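Scroll down for the structure; my scribbles are underneath it.
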Amino acid sequence: MRADQPNNGPSLRSVEKFLFYEARLLDQGRLEEWGQLFTDDGIYWVPATVDQPDPIHHVSLMYDDKLLRAVRIRRFADKQAIPLQPLPRGVHLVSNIEIDNYSSSSRECIISSSFIVLQYQRDKQAVFGGCYTHTLRWDDERFAIKQKKAELANCEAAHENIHIIL
Amino acid sequence: MRADQPNNGPSLRSVEKFLFYEARLLDQGRLEEWGQLFTDDGIYWVPATVDQPDPIHHVSLMYDDKLLRAVRIRRFADKQAIPLQPLPRGVHLVSNIEIDNYSSSSRECIISSSFIVLQYQRDKQAVFGGCYTHTLRWDDERFAIKQKKAELANCEAAHENIHIIL
Amino acid sequence: MRADQPNNGPSLRSVEKFLFYEARLLDQGRLEEWGQLFTDDGIYWVPATVDQPDPIHHVSLMYDDKLLRAVRIRRFADKQAIPLQPLPRGVHLVSNIEIDNYSSSSRECIISSSFIVLQYQRDKQAVFGGCYTHTLRWDDERFAIKQKKAELANCEAAHENIHIIL
Amino acid sequence: MSADLDVDVDVGKLVEPDRVHRSIYTDPTIFQLEMERIFEHTWIYVGHDSQVPDPGDYYATVIGRQPVIMFRHTDTKVKVLYNRCAHKGAMLVGDTCGNVQQFSCGYHGWCYDTDGSLKSIPLEKGYDGTRFDRNDPQSSMRSVARVGSYRGFVFASLSPDGPELREWLVGVDASIDNLADRAPAGELEITGGVLRYMHDSNWKLFVENLNDLMHPMKVHQSSSMTARTTAKKMLSKDAPVPAAIEILAPFSGGYSFFDTMGLHAFDYGHSYSGGKVSIHSAYSDIPDYVEAMESAYGPERTQDIFSENRHNTIFYPSLTIKGAIQSIRVVRPIAVDRTLIESWTFRLKGAPDALLQRSILYCNLVNSSANLVGPEDYEAYLRQQHGLSSQGSDWVLMHRNFGQERDLDNGERAANGTSDLAFRNQYLAWKNYMTATIS
Amino acid sequence: MSADLDVDVDVGKLVEPDRVHRSIYTDPTIFQLEMERIFEHTWIYVGHDSQVPDPGDYYATVIGRQPVIMFRHTDTKVKVLYNRCAHKGAMLVGDTCGNVQQFSCGYHGWCYDTDGSLKSIPLEKGYDGTRFDRNDPQSSMRSVARVGSYRGFVFASLSPDGPELREWLVGVDASIDNLADRAPAGELEITGGVLRYMHDSNWKLFVENLNDLMHPMKVHQSSSMTARTTAKKMLSKDAPVPAAIEILAPFSGGYSFFDTMGLHAFDYGHSYSGGKVSIHSAYSDIPDYVEAMESAYGPERTQDIFSENRHNTIFYPSLTIKGAIQSIRVVRPIAVDRTLIESWTFRLKGAPDALLQRSILYCNLVNSSANLVGPEDYEAYLRQQHGLSSQGSDWVLMHRNFGQERDLDNGERAANGTSDLAFRNQYLAWKNYMTATIS
Amino acid sequence: MSADLDVDVDVGKLVEPDRVHRSIYTDPTIFQLEMERIFEHTWIYVGHDSQVPDPGDYYATVIGRQPVIMFRHTDTKVKVLYNRCAHKGAMLVGDTCGNVQQFSCGYHGWCYDTDGSLKSIPLEKGYDGTRFDRNDPQSSMRSVARVGSYRGFVFASLSPDGPELREWLVGVDASIDNLADRAPAGELEITGGVLRYMHDSNWKLFVENLNDLMHPMKVHQSSSMTARTTAKKMLSKDAPVPAAIEILAPFSGGYSFFDTMGLHAFDYGHSYSGGKVSIHSAYSDIPDYVEAMESAYGPERTQDIFSENRHNTIFYPSLTIKGAIQSIRVVRPIAVDRTLIESWTFRLKGAPDALLQRSILYCNLVNSSANLVGPEDYEAYLRQQHGLSSQGSDWVLMHRNFGQERDLDNGERAANGTSDLAFRNQYLAWKNYMTATIS
Ligand code: FES
Ligand code: FES
Ligand code: FES
Ligand SMILES: [Fe+3]
Ligand SMILES: [Fe+3]
Ligand SMILES: [Fe+3]
């Protein structure tokens, strides 16, 4: 099992706070702010298969670099985006949070957690769940997301729309 | 982000304990005890629309003052209440708990959290989820609920029965 | 309410860590390791009715001693097990964790928590939820499970397959 | 599916003067026929014009199985169009309400004016020399066959045939009048949102229940008596009765109370219960309201308006009104065993805010899927829906006070409150609608 | 829907002596006919009278598509009534079991005695002078057409026609006898709850499987062999065999073991497998049990009782019994591809507690939706249900040992255990039921 | 159910040369007929042979409503068998893909060779002297009526009648050629997984949309323009255009751009859009790729191959290809209002890895249920599916540039890109298929 506060690294509590803050930004539709949580080379990734090793040679449900994340976010404000009328909403529960690893040289930590996300639009509620792996950069004051990977329990299922950010 | 233990205020841990205790009372059907968690002017509110500003000029799924809360609770013990045969049950998961605000003058804190609630009756399980906002009064020893607001992700959906207390 | 760290007993944090570790073993299909978390007389129990007093005179959805647990685990590796093709997967969220009791003589603690488990196989996702009661033996360094009881909200429902370990 | 009914059998045989056959609640074929011959034929409530106050405002809903849009074309005209693009059939709005300058189809961009007329087609010259005719009404958004409005209540009929709206409303128009007249300004405004309650039961079970005055004493005994006894226990004797108790207590008001309320039935299946007395008639006064009314109408007329305390009025089959509490419920059948009920609340223009607050409280307590009264009624429907799949008996009984109704003018019939008159009247209309195309 | 079948075609053509057409498992129209002509016609198991030990106890369930109530009217009489109010059809109880002084309808309060007879109607005078007749049987809770009971097993038929229960039971009554006789006190008590397992497959696949002795060696190889090898690895050689292993090991007992068990078929589709030998016959003795039996029956009769080790007995179509382990499974078809299986356990009155414990363990291991054996069978049904939608072949084969059964008295036929006799016998009965109203 | 259509009415009346009746998208009876007369009759894409590279590899899927298995029998032969055991109909594999030495039924252990022929039956002697004949083809796994393969694309027909595969492919075979020729090694390999997107809409709406070049400017304006403007804002002027922008920008390329692309239609409902120009034609070069192609084919042939930039090719009704981006989408109808779309990606053997990476990126952006482009199209289908239940108009219009197509050889017809030619061509084929068994 893991240390709660690795040498010079962030405390578990600070990590929890960060993940809850991220969840709240998503729940409240504060997507621009959410985008700013990422590093410039930050990646948001939802694999399409179990233990997918690679987003480059295998399709993914979402695989966003900074540019695609910005496109995704701006589309939520675009009145022409017909699939987003009315705006879908989500609730994000994050639990089972642990610091898996912290490198005091790169100042990166690997955080694992479990999530349940509800998506709602037009009388339909969808339940998603799985495991998050956040790679966070830590500068003693705040975190930045280098990679957020959301591995869905049902990633291989035949999905209808997944509108919201997981 | 927020302080975990504001000046003279309650600790995050004590808040978690209180919310888990509340959840447990509901899960175990100890509704009388649950009712006693509230202040005399305490309110239990489940809005019917997103960001509903007001329970007075807009319909709500539930909006209970002390009297209506007492009626709701007593009905669970009433053998004549045909929708409650057999008794519906619930499970409450609370997560993403944060102290949003604490006023050392009013001694009130605002707690935000996320929840998933399962309701079960007659072979049907319903999944509800959303965000709680608890306004708690703190007297150095214990909390009392001034307002519990449960904002459902699908508050605007066409609902079948929501029997249990969220 | 309860003490977070009873005299000489384990800390709440260490309990959380253990439950999250258990959840992770199950999520990752590391079932052999999961089996080793139990004491020799350890029991894994999923009652079939609410507040079921007894696994001996009343049917259960699962009631595994060491031998049956071993059979269950090994079957996940058996290519002849047709209901397990392809392997079902699960995600376990554990929340509302509290130490209900600790006996410094028996060195056993009772842990209560709430869970949501998603099961996925062949395009079907099932949502299970309920309350865990773990009876853990503590030896100052690590925990062993004397009993894990998973009380489902819908234990009395007409279930289709529950393949995974809850 | 339709094991209970040979479609060729005259559906009229399912209705006798004092009882109806259980299959009308359980047979999917009957349901499809009802959609065709009732909901997609007669006057159906679409919405209130205060939902679309400004030009370009729209409200999207369904009539029977068909999506439609109610919208405000100009300041004065409310129209009801099929929510369907003339090109390849896409719905023109995906949201429930909003405001548009024009209807621009999200698929290929055909544009329609807010009166539905075709405005522009991208690359329209592609249609030159083809059978496509931009002046054919089918090339525009089609208006439903008929639209009518009475004091802001907008009704539509998908059929060109049948009585005029005013003729169809005879007898129950007064319930709308009484509701609107309760506004010192004489006008209503829908406000405070909507409660949408999904019922896994046939729509007719809901509609029957509203003027079934034998049911509250039993079904609502639990919520009403629990409210009474809880209040008694919690409140001091001389405390004022809280509004919630004023609302809940009358539901267990005694058989003679309900019997006294009386019932009135009209052509086309309409009816109302209550009149001078109802479960709403003993509500306490709200400060300044009477004053506002008297200054608008004078004391005598005000007295007249307040003396009319109708309980439920049914505009068969889709609208039910509780005028005294400014609340309506709208019936949207979805399947033979699935019905959506929407509850809306009105603000009385010119009245004190406290009236709206009471209406909202009423709606929460009675119509919410998460509250006390509504789930009691719904449980009754659920038990019926399942019980009716039993062949223990094939008939649903409606004999109470049969033959004892009094005939009044204009097809009106009156009876004591606990009579089954309203049921019988509904099925008379049902039979007329359902057999009209056969005979 | 019914793309595979013209309803007018004689359903009898779907059944040949040694094979049946795949559409009988997949066609919704066939399913509705089955409900009408089999489940709502012949003797269906309702429950065991020990579920309603005291006057006023009730148990609510369904027969075919119809809700019914089994209840104890007086100390001696168990009745089965339609769960339907005579008034407007509401189910009279919403819960599965309980105790009532009378049935009081939750909707309008009509009250019925526990024999179903109408007791009181609120404001009954409203029916004066109408066609309503309180003495008409339709004004009471209707009893189903016929109720019969054999050693506590309550069966009901919704049809007045057909054989008497005892005649219908010929051959398999002995399976009930053997189960009940295993109680030193000669009586059974349902206890220990119920496991409810939902199957997305046709009910007949479940029923066929029970006396299909060719399947365990393959389907249950995984659970049974895993149990054997795990036990071998974990337990020392001279440790006693745990009860769980005694239960699981015989499922992979070898083809000749299963063949030796034998099969017996009877009229009306009934059959049993096993006899002197079964998967239960090698269970270890339970201390004091034999003593209790011998003191009740004497050694010889005790020996007789124990020598009968039937595996599964099928009371076609709704009840299956495993006498030697005191467990039954009840078949509740819901749709053409959906079937609820309930597993119940009996306590043998007068026997040591350890017997019940073994039954409970057996039920957990074999019948739970979350355990080892049941999901293996269910997976076989699922693969059939989907495979049968393929037109690769239209027939399901039941030729094994065709023509090699031995005719015994009273319509009994016997065969080796791996014969398809039980299938063929079921479809003979199925054809008789399904074509009875056509011919 | 089928309120809109009398099954006896000639379904051909639902299709006119320039419009089709809305019921073909909403009527469940039509859907069942389509499965029977189209999907279970004509050539349906099963998979690519690179999915089963080694002997014993299998891939399980469905044709229409019927489960089938594609597998590699020997190194050279790919077969398509019904996924159904000859015994009692169980599917022989439960997983989607894998490798087997033989097919061993999980229920009773019948074994089949990888050519489907019956190998062994446990206790086979039980069939001696019965009607069961192990040499009857019905006693083996049945092969589908016809299997054909073109450059690795495996098609199957469940009917023995109809044109040969090569004849059926005329005109669109070139799209497969161009896709495969883009591999320096001339061969394809499916890789990179599959995206499975469930649509609650009729399958024909998806198929129509692919060569509907009037829709991108409107439907994809949001994703495409947002991508353009975001990139403009975020990237410096002289930064290279990211691949994602190269992919997304052309979707809002202007009507004349799409019109110029052109349309080509063929017998059996096939068509393709694009040709020399398409939304893929302006992608930047990938280093070393041209070199690899030229060294394989020579410069001239390479130029030929690259000059062909087809957009979507439709192999009506089940396969659609985007050759220039090495991606296909497969249409699996499930119900009248439910369709599964699978997106697969090819690796071009001998080409640089960067090509695969671009294909994967394309597939993510365009075909994922969680991304930008696909949900826009799906929203259009959803709005159509619901709008078509309205009787505002009964017809779906397909008049654009009617009569202006040019007839070429071999049944080929060509038109400008924004013509409705592809729709009309699809419904010509649809009508032929659907009325073939009636006439
Ligand atoms: S469907 Fe509306 S523009 Fe084509
Ligand atoms: S339905 Fe039972 S009393 Fe009316
Ligand atoms: S069904 Fe395949 S062996 Fe019996
Ligand atoms: Fe009511
Ligand atoms: Fe079995
Ligand atoms: Fe598109």
Side-chain angles (χ1 to χ4, degrees), chain C residues 23-35 46 61-62 64 67-93 95 116-129 154 157-166, chain F residues 51-52 56-62 65 67-69 71 83-85 87-112 120 122 141 193-200 330-335 338-344 368-370:
Chain C
R24 190 186 292 211
L25 293 180
L26 294 174
D27 288 0
Q28 299 182 345
R30 294 156 62 188
L31 302 184
E32 295 281 356
E33 289 172 77
W34 175 76
V46 184
L61 289 164
M62 309 192 221
D64 289 359
L67 175 63
L68 285 173
R69 213 161 42 239
V71 175
R72 183 184 301 278
I73 288 168
R74 287 165 67 104
R75 231 169 57 106
F76 276 85
D78 181 8
K79 301 272 180 221
Q80 301 301 318
I82 54 171
L84 303 179
Q85 295 166 355
L87 274 179
R89 284 194 303 280
V91 169
H92 295 69
L93 258 92
S95 185
I116 298 282
V117 171
L118 301 185
Q119 171 181 274
Y120 176 76
Q121 189 194 36
R122 295 180 197 159
D123 268 342
K124 266 198 188 171
Q125 183 174 271
V127 179
F128 299 105
N154 68 349
H159 289 287
E160 296 191 48
N161 286 326
I162 306 178
H163 286 307
I164 62 169
I165 292 164
L166 293 178
Chain F
Q51 290 172 270
V52 290
D57 284 349
Y58 71 83
Y59 168 68
T61 183
V62 291
R65 298 159 295 187
V68 298
I69 307 171
F71 72 92
N83 186 0
R84 186 222 197 260
C85 181
H87 178 216
K88 297 188 80 181
M91 293 197 306
L92 283 154
V93 298
D95 216 334
T96 304
C97 55
N99 183 285
V100 293
Q101 300 303 311
Q102 58 178 10
F103 291 104
S104 166
C105 180
Y107 199 174
H108 309 92
W110 288 32
C111 286
Y112 306 86
S120 65
M141 286 172 76
V194 56
L195 288 170
R196 303 169 66 237
Y197 195 162
M198 187 60 80
H199 289 57
D200 278 348
V330 183
V331 182
R332 305 274 184 226
I334 291 169
R338 199 159 172 85
T339 307
L340 176 63
I341 304 298
E342 298 174 354
S343 304
W344 300 88
S368 163
S369 52

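What you see is a predicted model, and the numbers here were worked out from it, not measured in a lab. Here is how names work: the chains are called A, B, and so on, in the same order as the sequence lines, proteins then strands, and each is numbered from 1.
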Query raised in the report: In residues 68-77 of chain C, which residues are in contact with chain F at a heavy-atom separation under 4.5 Å?
Result: none
Requested in this report: Would you mind listing every side chain to side chain donor-acceptor pair (under 3.5 Å) that reaches into residues 83-92 of chain C, with sequence neighbours excluded?
Outcome: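 Every pair satisfying side chain to side chain donor-acceptor pair (under 3.5 Å) with a residue in residues 83-92 of chain C: C/D27-C/H92, C/Q85-E/R383.
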Query - Closest non-hydrogen atom pair between F/G106 and C/I82, with its separation - result: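 It is O-CD1, 4.0 Å.
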Query raised in the report: Between F/G94 and C/P86, which heavy-atom pair has the shortest distance, and what is it?
Result: O-CD, 4.5 Å
Query raised in the report: Does F/M198 reach the side chain of C/D123, with side-chain heavy atoms less than 4.5 Å apart?
Result: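 No; the side chains remain at least 4.5 Å from each other.
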